[in-house]
> 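Below: one structure in structure tokens.
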Amino acid sequence: LKLQFLYLIARYRSIARHTTTMDRLMEFITDDVKQHSLAQTLLFSNLFWMFAVAYIYLKKQKGAAGKMTDKDWQRAIDDADAGIKLKEGRGPSHGEKEMMVPYSAYKRYQVPDMTERAQDFHKLLNARRTVREYSSESFPVSILQDCIMAAGTAPSGANLQPWSYVIVADPKVKAQIRTVVEDEEAVNYARRMKDSWKQDLAHLGTDACKPYLDEAPYLVCVFKHAYRIEDGEKLQVYYPEQSVGISVGMFQSAIHNVGLCTLTSTPMGAESAIRELLDRPENERLYLLMPVGYPKDGIQVPNITRKPLGQISAVV
């Protein structure tokens, strides 16, 4: 806006040497417009541009205050990462002799066995539910680490495995994370989230209070790698969003398979603070918070259904 105003003054610089009052400037412009159609055109075109800039700015401010979605937030994070200069990779880190090996672990099943295994696996996962109330009863951390190892088998762009799973067991650290998240969630529910978003969440009973973050015996913080660091250089990663998403899905299945529960919590606005609290490397971006534990006795979960096959699949 200042630049536009200076431009107008430059267009009518003949009075700049004689007066500094706004009234005199406006009087001169008004008189000039009456006499010269070109001056009128220039004036109104520049005024239009000024109002257009102001309108766009206010719209953006309004969006930041009350119309932000999770996609908007992710886009803001991605835009921040876009300014990081990265070098291209050097190729695989393993030797040429190891590039291809026999797939000796593969096992083929007969069709009846395949059908039974597919149906059993569906029944197993169909019993999985998101849990928001946890027992404080603990279990060996080695079980959780085995589940993370299973998640680490997920496919990833160029096999760069751009994820880190940080297990938080310290009650004080879990409490600090909860405080940071709830502070930001209060802002999210009050200003950032659309009303339609909050309405879509209403049947799940969610709000800014997140007790599960420090109730469960472990809180797993999943980090996405925005880039990788080798020999002090920042190198590219490929499809980190998709890669980490696949890995988390496998982690969730592994957790359910051993009789534990979890949920996927998106800490919108608290990402940087949690990364600093956990002293994670600069290339990591907080992706999800996932408490893991036994469900609290007598717990109830939302009465939801899953879409039938015809709504989630097609054969072409």
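Quick note: numbers below take in every heavy atom, side chains included, and nothing from hydrogens, waters or symmetry partners.
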> Quick test of your reading: applying ring-ring contact (aromatic ring centres under 6.0 Å, His included), list the pairs with at least one residue in residues 296-316, sequence neighbours left out, ordered by first then second residue.
none
> Just so I know, are the side chains of Val173 and Gln176 near enough to count as touching, which here means a heavy-atom distance under 4.5 Å?
yes
> Starting from Met250, can I reach Val222 by hopping between I/L/V/M/F/W/Y residues whose side chains sit under 4.5 Å apart?
no
> For the residue pair Leu286 and Cys221, establish whether any side-chain heavy-atom pair is separated by less than 4.5 Å.
yes
> State whether the number of non-hydrogen atoms from other residues, nucleotides or ligands found under 6.0 Å of Tyr239 atom OH is greater than 12.
no
> Run the salt-bridge test on Lys210 and Glu184 with the 4.0 Å N-O cut-off and return the result as yes or no.
no
> Examine distances only and state if a side-chain atom of Ser313 and a backbone atom of Leu309 form a donor-acceptor pair shorter than 3.5 Å.
no
> Can you list the residues that meet the side chain to side chain contact (heavy atoms under 4.5 Å, CB included) rule with Arg280, with sequence neighbours excluded?
Ser164, Val166, Phe223, Arg275, Leu278, Glu284
> Indicate whether any N or O donor in one side chain lies under 3.5 Å from an N or O acceptor in the other, for Arg228 and Asn283.
no
> Are Leu201 and Ile304 connected, step by step, through hydrophobic side chains (Ile, Leu, Val, Met, Phe, Trp, Tyr) whose heavy atoms are closer than 4.5 Å?
yes
> Would Val301 end up clustered with Tyr212 when hydrophobic side chains under 4.5 Å apart are linked, directly or stepwise?
no
> Ignoring hydrogens and angles, write down the donor-acceptor pairs under 3.5 Å from the side chains of residues 127-151, residues two or more places apart or on other chains.
{"from": "Arg129", "atom 1": "NH1", "to": "Pro302", "atom 2": "O", "distance (Å)": "3.4"}
{"from": "Arg129", "atom 1": "NH2", "to": "Pro302", "atom 2": "O", "distance (Å)": "2.4"}
{"from": "Tyr134", "atom 1": "OH", "to": "Val131", "atom 2": "O", "distance (Å)": "2.8"}
{"from": "Ser135", "atom 1": "OG", "to": "Glu137", "atom 2": "N", "distance (Å)": "3.0"}

> Could you tell me the separation between the OH atom of Tyr218 and the CE atom of Met290, rounded to the nearest 0.5 Å?
16.0 Å
> Answer yes when Lys198 and Asp195 have at least one side-chain N-carboxylate O distance shorter than 4.0 Å, and no when they do not.
yes
> Could you check if a side-chain atom of Thr115 sits within less than 4.5 angstrom of a side-chain atom of Pro112, using non-hydrogen atoms only?
no
> Is any side-chain heavy atom of Leu289 closer than 4.5 Å to one of Leu219?
yes
> Quick check: closest heavy atoms across Val248 and Tyr165, and the distance to 0.1 Å?
N-OH, 3.4 Å
> So, taking the atom named CG in Leu235 and the one named NE2 in His225, what distance separates them when rounded to the nearest 0.5 Å?
13.5 Å
> Is the count of non-hydrogen atoms from other residues, nucleotides or ligands lying under 6.0 Å from Gln311 atom CD greater than 12?
yes
> Any idea which heavy atoms bring Gly152 and Trp163 closest together, and the distance?
O-CZ2, 3.6 Å
> Would a 4.5 Å heavy-atom cut-off, applied to side chains only, mark Val220 and Val168 as touching?
no
> Start with the C-alpha distance between Tyr227 and Gln236, add both sets of side-chain angles, then the distance that settles side-chain contact (heavy atoms from CB on, under 4.5 Å), and finish with yes or no.
CA-CA 5 Å; Tyr227 54 90; Gln236 290 181 335; over 6 Å; no
> What closest approach, in Å, do Ile229 and Glu282 show between heavy atoms, and which atom pair accounts for it?
CD1-OE2, 4.1 Å
> Which heavy atom of Cys209 sits nearest a heavy atom of Arg178, and at what distance?
SG-NH2, 3.8 Å
> Minimum heavy-atom separation for Lys307 and Ile312, please, with both atom names.
CB-CG2, 3.6 Å
> Residues in side chain to side chain donor-acceptor pair (under 3.5 Å) with Lys174, at least two apart?
none
> Crowded around Asn126 CG? As in, over 12 foreign heavy atoms under 6.0 Å?
yes
> Do NZ/NE/NH1/NH2 and the carboxylate oxygens of Lys224 and Glu241 come within less than 4.0 Å?
yes
> When clusters are formed by joining ILVMFWY residues with side-chain heavy atoms under 4.5 Å apart, either directly or through shared neighbours, do Ile246 and Val244 land in the same one?
no
> Checking Ser247 side chain against Ser243 main chain: does a donor-acceptor pair fall under 3.5 Å?
no
> Any chance you could measure Leu288, atom CG, to Gln252, atom CD, to the nearest 0.5 Å?
9.0 Å
> Do Asp170 side-chain atoms and Lys172 backbone N/O form a donor-acceptor pair below 3.5 Å?
yes
> With sequence neighbours left out, which residue pairs that include part of residues 258-269 fulfil the side-chain hydrogen bond (donor to acceptor under 3.5 Å, both in side chains) condition?
none
> How does the hydrophobic cluster around Phe121 look, that is, which other residues are in it when side-chain heavy atoms under 4.5 Å mark a link?
Leu124, Leu125
